[in-house]
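Following: one structure in structure tokens, then a few remarks.
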Amino acid sequence: MVEHSASDDEGEIDNNLQWSPSRSQSARDGNEVDWSDDDMMAIDNFQWSPEHYNSVRPAGVETDETVARFIEMGFSEEMIAQLRKPMVRKFGANVDPAQILETLVKISASSEANSSKSKLIDELILMGFSEEMVIKVINEYGEENVDEITNVLLSYAEAEKLCKREDEDINIINLSDGENELNSSSEVSTLQALIKIGYPREEASIAIERCGETANVAEVTDFIAAARLAREYDDFFEEPIIQHSKKSRVDNEPSRRGRNPRMAMSSDHQLITLPNPMIGFGLPDGTGLMTERPDPIPAVACGPPYFYYENVAMAPKGVWTTISKELYNIKPEFVDSKYFCAAMRKRGYVHNLPIRNRFQILPLQHQKIQDVLPLTRKWWPSWDERTKLNCLVTCGGSATDTEKVRAELEKFDGKPPPHVQKALLVDCKKGNLVWVGKNRVALLEPEEIERLLGFPRDHTRGGGVNTTERFKSLGNSFQVDTVAYHLSVLKVLFPNGINVLSLFTGIGGGEVALHRLGIPMKVVVSVEISRVNRNILRSFWEQTNQEGTLIEITDVTELKTEEIEDLMERFGGFDLVIGGSPCNNLAGGNRVSRKGLEGEQSQLFYDYCRILKDVRNKEARMRRGGL
DNA sequence: CCGACAATGATACAAAAT
DNA sequence: ATTTTGTATCATTGTCGG
């Protein structure tokens with residue numbers, strides 16, 4: 001973490017910020033660091049540069065070199081993205097790249113001369129489905145959504161295999177031959193074998209538990225296939241299939257609703273509960289890292305175009321159930337940004353992005369208050385054990401609180417008794433106060449909030465923005481490192497840049513995240529009601545010398561279907577729809593009108609849904625080559 | 001009129017206690 | 001298993017001095 005110790009005169013700390021194993025290690029362990037004055041100067045003068053935006057590292061898993069190679073070979077990223085998922089699901093996670101390549105070649109060879117419909121049929125047949133089945137499914141579902149068709153075909157194919165109930169594991173056993181013969185009776189080696197084959201660890205271990213220790217690899221893979229099938233039918237037809245898994249001996253938990261924070265299902269009466277810890281699909285350091293979603297994305301929602309929706313995690317009851325339902329029944333990913341920076345920020349994200357091979361942007365945030373705000377370390381009393389700030393909100397505390405703290409401390413000459421300490425800590429936590437002098441606490445500065453949230457210094461400064469407005473805009477924003485972690489998967493998919501529809505843009509958290517990821521923004525259509533925020537985004541756009549096009553729209557409610565489709569035809573569609581709708585009527589801080597999703601501002605969520613659906617409809621039509 | 005500041009609880013969840 | 005306690009929370013409104 002002390003990366004700029006060698007030659008850090010002014011702005012030339014870039015080279016020292018490249019990722020190295022040791023750096024990552026120390027960041028992971030959260031080691032203490034001594035900060036010299038030079039270090040602090042370097043941080044205060046720190047400005048993001050393009051080199052930073054491009055310096056990224058893989059998290060837990062290595063980046064997908066195979067895909068990158070195919071793109072280099074000239075295949076479009078859409079083609080690979082569309083092909084890859086079904087292939088992985090068909091052949092297992094360790095799908096042979098040669099198989100993908102073969103299919104790609106066949107598709108591109110056959111795609112020139114044909115109409116879109118017969119082309120689609122050809123592609124599907126080339127993927128190994130029977131012609132009869134392909135035609136049947138296309139007639140049944142229409143050719144509107146390729147992903148849906150593919151998924152249905154896969155379901156049928158898997159169902160067929162299960163019915164014959166034979167050698168679907170022949171390939172697998174062949175692949176794992178050496179591993180398998182050693183001792184297939186041992187639970188541990190079964191697990192290892194499954195992992196080696198390519199099954200996610202979690203899924204594999206659950207399956208082994210369900211099947212019993214004596215089960216061999218074939219039985220367990222059978223179970224996994226059945227479970228996957230059950231999940232798919234669940235999502236496609238909303239008819240839950242009973243898993244006949246011998247009464248599961250895994251019920252160590254006292255209560256039946258226990259288990260992992262398995263989200264509520266499609267029915268409304270069950271509420272979505274927040275996970276604990278709030279780490280989403282896993283953290284960059286590998287804890288809880290998933291390679292596939294516990295609840296697969298329903299076929300109709302499979303991207304592209306991708307979308308990314310955000311709001312506060314702690315909303316009134318039923319709100320997240322509704323949000324999920326309105327967004328294709330995709331289960332939210334709840335993440336607390338305290339795992340990415342020194343401030344808590346509990347948010348839910350609903351998106352249809354892939355979740356494999358995510359990576360973090362550099363430089364990594366300091367994880368502790370005293371590291372990210374080094375000047376506070378000197379004055380931080382030992383009895384204040386905070387290392388993380390509370391949520392950065394839209395308005396700060398009052399000056400009377402800081403004065404109260406000072407008065408109390410002077411009364412006890414800086415050594416207050418425990419009960420006074422406790423009372424003062426309550427105030428400090430409430431106002432997010434930090435120590436800036438002897439017996440002195442203070443509110444955070446806008447520049448400090450910018451840093452904590454991952455924005456460039458002075459991002460919200462200038463252009464007639466007053467302090468109150470800065471706090472408000474910042475408090476409403478994304479935490480850039482967190483969002484960038486989720487969006488990082490787009491870098492491989494869109495090496496030539498993306499078209500973004502940014503709703504409720506605010507100060508441009510999504511745009512900053514994409515920029516820091518090194519993903520070129522060819523087009524950004526930004527919808528933001530606040531003039532101040534629009535100025536901030538435009539300023540960012542100019543200062544970072546963006547080469548793409550920035551279109552600004554004021555009001556989401558006035559963005560109608562026709563205009564959306566015009567924009568999409570003009571720019572060739574959108575690759576990403578990103579935005580977090582207003583939390584005013586959801587947030588706990590609201591004393592007056594916390595009325596839920598139907599509140600005056602928060603109901604704009606429904607405009608997000610409306611616009612997203614327009615985009616996805618139009619995109620589907622454009623992909624078919626029609627209007 | 002504008003900008004800075006202070007006063008204004010309730011909800012939901014986790015953890016502890018019963 | 002149920003109750004109590006603890007804790008955090010993308011905010012709104014009014015006031016006051018320019």
Side-chain angles (χ1 to χ4, degrees), chain A residues 253-258 261 271-278 309-321 323 334-338 341 343-349 385-386 388-404 422-423 425-433 442-446 449-450 452-455 460 464-480 482-483 504-510 528-530 532-533 579-597 599-602 604-605:
Chain A
E253 297 92 334
S255 86
R256 70 278 174 204
R257 70 154 179 182
L271 296 171
I272 289 178
T273 57
L274 298 179
N276 184 27
M278 201 178 275
Y309 174 82
E310 175 261 10
N311 216 318
V312 291
M314 297 197 209
K317 265 189 176 134
V319 165
W320 274 108
T321 308
I323 291 175
F334 291 104
V335 184
D336 189 337
S337 289
K338 76 177 179 184
C341 68
M344 303 188 204
R345 203 166 187 81
K346 297 177 180 60
R347 296 294 182 270
Y349 307 89
E385 295 179 342
R386 286 179 298 160
K388 299 282 184 183
L389 291 161
N390 280 342
C391 185
L392 308 173
V393 292
T394 55
C395 56
S398 61
T400 56
D401 285 341
T402 73
E403 192 55 28
K404 175 182 165 190
K422 206 174 168 185
L425 262 180
V426 169
D427 291 332
C428 290
K429 289 180 181 177
K430 212 167 177 178
N432 256 344
L433 305 176
L443 295 167
L444 293 171
E445 298 286 332
I449 300 179
E450 283 167 350
L452 284 159
L453 290 176
F455 288 93
T460 58
V465 187
N466 62 48
T467 313
T468 310
E469 286 170 328
R470 286 183 79 183
F471 279 122
K472 187 174 176 185
S473 293
L474 283 163
N476 281 314
S477 173
F478 288 163
Q479 206 285 321
V480 170
T482 311
V483 172
F504 313 105
T505 304
I507 59 175
E528 169 58 42
I529 194 81
S530 156
V532 164
N533 285 344
S581 64
C583 70
N584 303 26
N585 311 113
L586 312 180
N590 191 339
R591 269 97 157 141
V592 191
S593 54
R594 194 184 186 187
K595 307 207 164 114
L597 259 186
E600 189 183 353
Q601 288 83 30
S602 293
L604 292 173
F605 161 72

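The figures here come from the full heavy-atom set of this structure, side chains too, leaving out hydrogens, waters and symmetry mates. All chains are named by letter (A, B, ...) in the order of the sequence lines, taking the proteins before the strands, and each is independently numbered beginning at 1.
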Separation of [X] atom [atom1] from [N] atom [atom2], in whole Å?
| X | N | atom1 | atom2 | value |
| --- | --- | --- | --- | --- |
| A:N476 | C:dT9 | CG | C1' | 13 Å |
| A:F334 | C:dC10 | CZ | P | 12 Å |
| A:R347 | C:dC10 | CZ | P | 4 Å |
| A:N585 | C:dC10 | CG | P | 13 Å |
| A:N311 | C:dT9 | CG | C1' | 13 Å |
| A:F455 | C:dC10 | CZ | C1' | 12 Å |
| A:K595 | C:dT12 | NZ | P | 12 Å |
| A:W320 | B:dA12 | CH2 | P | 15 Å |

For this session: Please name the pair of heavy atoms, one in A:S602 and one in A:P582, separated by the smallest distance, quoted to 0.1 Å.
Result: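 Residues A:S602 and A:P582, closest heavy atoms: OG-O, 3.0 Å.
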
For this session: Looking only at non-hydrogen atoms, find the nearest pair between A:E310 and A:Y349 and report the distance.
Result: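 Looking at all heavy atoms of both residues, the shortest contact is CG-CE2, 3.4 Å.
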
For this session: Output the single nucleotide from C:dA8, B:dA12, B:dA14 whose closest atom is nearest the side chain of A:P316.
Result: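 Nearest to the side chain of A:P316 among the choices is B:dA12.
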
Problem set entry | Candidate nucleotides B:dC13, C:dC10, B:dA14, ranked by approach to the side chain of A:N276 - the nearest |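 Nucleotide nearest to A:N276's side chain: B:dA14.
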
Counting just side-chain N and O atoms, does [X] come under 4.0 Å of either OP1 or OP2 of [N]?
| X | N | value |
| --- | --- | --- |
| A:N390 | C:dT9 | yes |
| A:N590 | C:dT13 | no |
| A:N584 | C:dT12 | yes |

Working to the nearest 0.5 angstrom, can you tell me the gap between [X] [atom1] and [Y] [atom2]?
| X | Y | atom1 | atom2 | result |
| --- | --- | --- | --- | --- |
| A:R347 | A:C391 | CZ | SG | 4.5 Å |
| A:L433 | A:K404 | CG | NZ | 11.0 Å |
| A:K472 | A:N533 | NZ | CG | 9.0 Å |
| A:Q479 | A:C341 | CD | SG | 4.0 Å |

For this session: Identify whether the distance between the nearest side-chain nitrogen and carboxylate oxygen of A:D401 and A:K430 falls below 4.0 Å.
Result: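 Salt bridge absent between A:D401 and A:K430.
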
Problem set entry | Check: A:L392 main-chain N/O paired with A:R345 side-chain donor or acceptor under 3.5 Å |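 Side chain of A:R345 to backbone of A:L392: a pair is present.
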
Problem set entry | Any donor-acceptor pair under 3.5 Å from A:N585 side chain to A:G596 backbone |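 Side chain of A:N585 to backbone of A:G596: no pair is present.
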
For this session: Scan A:V393, A:I449, A:L443, A:L389 and name whichever one has a side chain to side chain contact (heavy atoms under 4.5 Å, CB included) with A:N432.
Result: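 Considering A:V393, A:I449, A:L443, A:L389, a side chain to side chain contact (heavy atoms under 4.5 Å, CB included) with A:N432 is found only for A:L389.
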
Assign [X] to base, sugar-phosphate, or nothing according to its heavy-atom contacts below 4.0 angstrom with the strands shown.
| X | answer |
| --- | --- |
| A:K429 | sugar-phosphate |
| A:S473 | nothing |
| A:K472 | nothing |

Problem set entry | DNA chain B: stems of at least 3 consecutive Watson-Crick or G-U pairs whose donor-acceptor distances fall under 3.5 Å |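 Stems for DNA chain B, defined as runs of 3 or more consecutive pairs: B:1-8 with C:11-18, B:10-18 with C:1-9.
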
For this session: For nucleotides 1-8 of chain B, just jot down a letter per nucleotide in 5' to 3' order: B, S or -, based on protein non-hydrogen atoms under 4.0 Å.
Result: --SB-SSB

Problem set entry | Residue mapping more 5' on DNA chain C - nearest nucleotide basis, A:K422 or A:A313 |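 Upstream on the strand: A:K422.
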
Problem set entry | C:dT9 versus B:dT8 - spacing of their C1' atoms, nearest Å |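 Roughly 15 Å separates the two C1' atoms.
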
Exercise. B:dA7 and C:dC10: how far apart are their P atoms, nearest whole angstrom?
Worked result: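 Between the two P atoms, the distance is 23 Å.
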
